[in-house]
Every structure is written in C-alpha cells, then in structure tokens.
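Report on the following structure.
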Amino acid sequence: QVQLVESGGGLVQAGDSLRLSCAASGRTSRTYAMGWFRQAPGKEREFVVYISWNGGTTYYTDSVKGRFTISRDNAKNTVYLQMNSLKPEDTAIYYCAAPAVPIYGSAYLRMSAYDYWGQGTQVTVSS
C-alpha cells in the first residue's frame with residue numbers, strides 16, 4: 001500500500017502562485033508515476049498533469065500549460081506542483097494519485113488508471 005498526502009493549498013488572489021506537494025509513504029521501494037487531478041465545486045474531477053517515475057515525461061492539460069510545472073524528488077518521495085499566474089477557474093480541490101502498475105498511452109488521463117489517492121488540498125483563487 002502507498003499513502004499519499006497533499007499539502008500547500010490555500011487562498012490566494014488571481015495572479016499569485018502556490019506550490020503543492022504530494023508526499024508518498026508506505027511501499028515506496030519502487031518509484032511511481034504520479035498524476036494531479038482537481039475537482040471544482042459542482043464539477044467532475046479532471047486531469048491536470050502527469051509525471052513519469054523518473055520525471056522524464058510530463059503531460060499537462062491545456063488550461064494549465066505555461067503556468068503549472070510538475071517536478072519530483074524521488075529521494076524524498078515527493079512530487080511538487082508549482083502553480084503560477086493562478087486564475088479563479090483554478091479553484092478546486094487538488095488530488096495527487098499514483099498507479100500501482102505502469103501507465104501506457106493516454107491512460108494517464110483517466111482516474112481509473114490510478115490506484116492510490118491522497119485526501120486532497122483546497123486551492124481557492126479570488127478575483
């Protein structure tokens with residue numbers, strides 16, 4: 001089992017920055033790919049960004065390209081999401097997730113590809 005804990009959320013103004021962290025614990029002897037998803041009030045959870053186990057491959061949803069940057073420190077079992085130029089439409093609960101097996105093709109977009117989820121961290125961007 002792997003436990004994921006997100007942190008770093010908060011209330012900011014439009015244009016501000018936040019850095020989210022996702023710390024993994026438990027069976028971390030193997031390194032996992034990671035994804036971030038978000039869920040805004042009244043909306044379905046949606047894919048935000050993916051990073052491969054070694055950080056060599058990343059995918060971003062179009063709405064955050066150029067503003068968000070994902071990175072990881074495998075020595076610390078932690079993935080980071082740097083969010084710049086935040087907009088009110090970025091307001092959501094942000095979840096990190098990890099798959100138990102490698103992800104191929106476009107499966108990284110789907111929630112069903114991920115087996116472990118954090119509890120989420122709230123990001124609120126005021127206009």
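We number each residue from 1, following the sequence as shown.
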| task | Please answer: with hydrophobic residues joined when any side-chain heavy atoms are less than 4.5 Å apart, are Val49 and Leu18 in the same cluster? | result | yes
| query | If you group Ile, Leu, Val, Met, Phe, Trp and Tyr by side-chain heavy-atom gaps below 4.5 Å, do Leu81 and Tyr116 land in one group? | reply |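 Linked within one cluster.
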Nearest 0.5 Å please: distance from the [atom1] atom of [X] over to the [atom2] atom of [Y].
X: Thr57; Y: Ile103; atom1: OG1; atom2: CD1; result: 12.0 Å
X: Gln13; Y: Ser126; atom1: CD; atom2: OG; result: 5.0 Å
X: Trp36; Y: Leu20; atom1: CH2; atom2: CG; result: 4.5 Å
X: Met83; Y: Arg19; atom1: CE; atom2: CZ; result: 11.5 Å
X: Met34; Y: Ser71; atom1: CE; atom2: OG; result: 11.5 Å
X: Ser106; Y: Phe47; atom1: OG; atom2: CZ; result: 10.5 Å

| Can you pull the side chain to side chain donor-acceptor pair (under 3.5 Å) pairs that have at least one residue in residues 79-92, sequence neighbours excluded? | Ser17-Asn84, Arg38-Asp90, Arg67-Asp90, Gln82-Asn84
Grab the two heavy atoms, one from [X] and one from [Y], that are nearest each other, plus how far apart they are.
X: Ala33; Y: Pro99; answer: O-CD, 3.0 Å
X: Tyr60; Y: Phe68; answer: CE2-O, 3.2 Å
X: Ala97; Y: Leu4; answer: CA-CD1, 3.7 Å
X: Gly35; Y: Tyr114; answer: N-CE2, 3.8 Å
X: Lys43; Y: Gln39; answer: O-NE2, 3.1 Å
X: Ala113; Y: Ala107; answer: CB-O, 3.3 Å

| said: For the aromatic rings, using the six-membered ring if either is Trp, is the centroid distance between Tyr50 and Tyr59 under 6.0 Å? | reply: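 Close enough - the centres of the two rings lie under 6.0 Å apart.
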Taking the side chain as C-beta and beyond, is there a heavy-atom pair between [X] and [Y] under 4.5 Å?
X: Val79; Y: Ile70; value: yes
X: Met111; Y: Tyr95; value: no
X: Thr61; Y: Glu46; value: no

| task | Please list, chain by chain and in numerical order, all residues satisfying side chain to side chain donor-acceptor pair (under 3.5 Å) with Ser52, sequence neighbours excluded. | result | Asn54
| Glu6 side chain to Thr121 main-chain N or O, any donor-acceptor pair under 3.5 Å? | no
| request: Flag yes if more than 12 heavy atoms outside Trp53 fall under 6.0 Å of its CH2 atom; otherwise flag no. | output: no
